[in-house]
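Since we're looking at a predicted model, the values are computed, not measured.
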There are 2 protein chains.
Amino acid sequence: MATRASGRSTREAIRAAASRLFRERGYARTPVRDIAALAEVNPALVIRYFGSKEELFLETMRLTIDDEPLLDVPIDRFGERFVDVVLSSEQDIRDVHLALVRGSGEERIAERLREVHEDSLVAPLRARLSGVDADLRARMAAAVVGGLLYSLWIVGDHALESERDVLVRRYGAIVQDIITPET
Amino acid sequence: MATRASGRSTREAIRAAASRLFRERGYARTPVRDIAALAEVNPALVIRYFGSKEELFLETMRLTIDDEPLLDVPIDRFGERFVDVVLSSEQDIRDVHLALVRGSGEERIAERLREVHEDSLVAPLRARLSGVDADLRARMAAAVVGGLLYSLWIVGDHALESERDVLVRRYGAIVQDIITPET
DNA sequence: GTCTATAAGGGGATAGAC
DNA sequence: GTCTATCCCCTTATAGAC
């Protein structure tokens, strides 16, 4: 095999392959060799560049939610919009989330999951809430959204996958009820 | 080591050890050897009795929810009671559920998770509901309860672990809102 | 910067004696 | 029914040549 391009692009090729395979098959079921093969790179390089498989996993399984669509929405429609954003597939929130959940037997992966849950689900909700129970309400709403992801992707609840619009509306209503302070 | 008791009790010892370790450490992080050690039994016997590690896992990670407390409760308090039952630690619903979620990268374990989700969460809710949307509502409520478990145990959301009573009441209210038909 | 070759360990599972 | 001994595969990770 010919020597490939410079170190920079090799690193990126490994990262891209790892990101894809980890999301598709999860941590435990993705050998380093498979990552190397997909990246068309020597297996030794994977470790050389990233130190260990776990480092590589943590390096690739990050999330930053795009909260722009959340900023300009009126508070009484926030629940629906939030569900909409989470379910939007542009960023692969769901895949990364799923991989983290399944890998959470490993302590450091669990830690990353907590960060992702906090930063991507709790924080955006919390930012728009006020009142004494704001924190608890944000966490409950985040848990509910987590439950939606769990149901859709982990248990594969196809019966819940009605029209996307219906899902966003009904689930949005649940979230909305939680974040709206009790009368 | 002296020969232990009869085959019957050996089988039970293996089952008990496996059940405990799988719940504590999960599928991937529990070697057959550790199960044998805890059961004070030869490693070869584990496979001999149960065929494979995966079979043993599926054999031990079952759930049957005790739905007696659900039968005599008035429908308008059903949500709260349901959350109460799920969080009651008598049966280790949560541990088994957690182990199944984390193991769900394996196809057969995912299948078992779907069964458990269906039988222990969806079905008890569905049994008390009626109306056109009954099925969808039952599934959404089940997903929400799954979200609670997810948040409490998988991400370890300690901030959500307020007083148990508070949790049951507030989360029960959410479930109740879902299973109560819209006006 | 990339390769070959291999170390070093752990895993599940099996054969066959007792 | 239970044991010892071991097979065999797969894994991550490293050493050192090119």
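- Residue-environment remark: CZ (Arg15(B)) exceeds the threshold of 12 foreign heavy atoms within 6.0 Å.
- Residue Arg33(B) places a side-chain atom within donor-acceptor reach of the base of dG12(C), judged by atom type and a 3.5 Å distance cut-off alone.
- Aromatic ring centroids of Tyr150(A) and Tyr150(B) lie 6.0 Å or more apart.
- Considering only side-chain N and O atoms, Thr10(B) lies under 4.0 angstrom from the phosphate OP1 or OP2 of dT2(D).
- What separates CD1 of Ile14(A) from C1' of dT2(C) is a distance of 11 Å, to the nearest Å.
- Between the CZ atom of Arg11(B) and the P atom of dT2(D) there is a distance of 12 Å, given to the nearest Å.
- The interatomic distance linking Asp34(B) (CG) with dG12(C) (P) rounds to 9 Å, in whole Å.
- Side-chain atoms of Ile47(A) lie closest to dT14(D) of the nucleotides dA13(C), dT2(D), dT14(D).
- Rounded to an integer number of Å, the gap from CD1 of Ile35(A) to C1' of dA13(D) is 14 Å.
- Listed by chain and number, the residues in a side-chain contact (heavy atoms from CB on, under 4.5 Å) with Thr180(B) are Gln176(B) (sequence neighbours excluded).
- Taking atom OH of residue Tyr49(B) and atom C1' of nucleotide dA13(C), one finds them 17 Å apart after rounding to whole Å.
- Checked against dT4(C), dG16(D), dA13(D), the side chain of Asn42(A) finds its nearest nucleotide in dT4(C).
- Atom-to-atom, CG of Leu45(A) to C1' of dT14(D) comes out at 13 Å; the value is rounded to the nearest Å.
- Annotation: cation-pi geometry satisfied between Lys53(B) and Tyr27(B) (NZ/CZ under 6.0 angstrom from ring centroid, within 45° of ring axis).
- Of the candidate nucleotides dT14(C), dA5(C), dA13(C), dA5(C) has the atom lying nearest to any side-chain atom of Ala44(A).
- Between Ala134(A) and Leu129(A) the shortest heavy-atom distance is O-CD1, 3.8 Å.
- In the displayed structure, Arg48(B) atom CZ is contacted under 6.0 Å by at most 12 heavy atoms of other residues, nucleotides or ligands.
- Contacts between residues 21-32 of chain A and DNA chain C, defined by a heavy-atom separation under 4.0 Å, are absent.
- Here the P atom of nucleotide dA17(D) and the CZ atom of Arg48(A) are 13 Å apart, to the nearest Å.
- Hydrophobic clustering (ILVMFWY, side-chain heavy atoms < 4.5 Å, transitive): Val145(A) and Ile75(A) are in one cluster.
- Atom pair Lys53(A):NZ and dT14(D):P shows a separation of 15 Å (rounding to whole Å applied).
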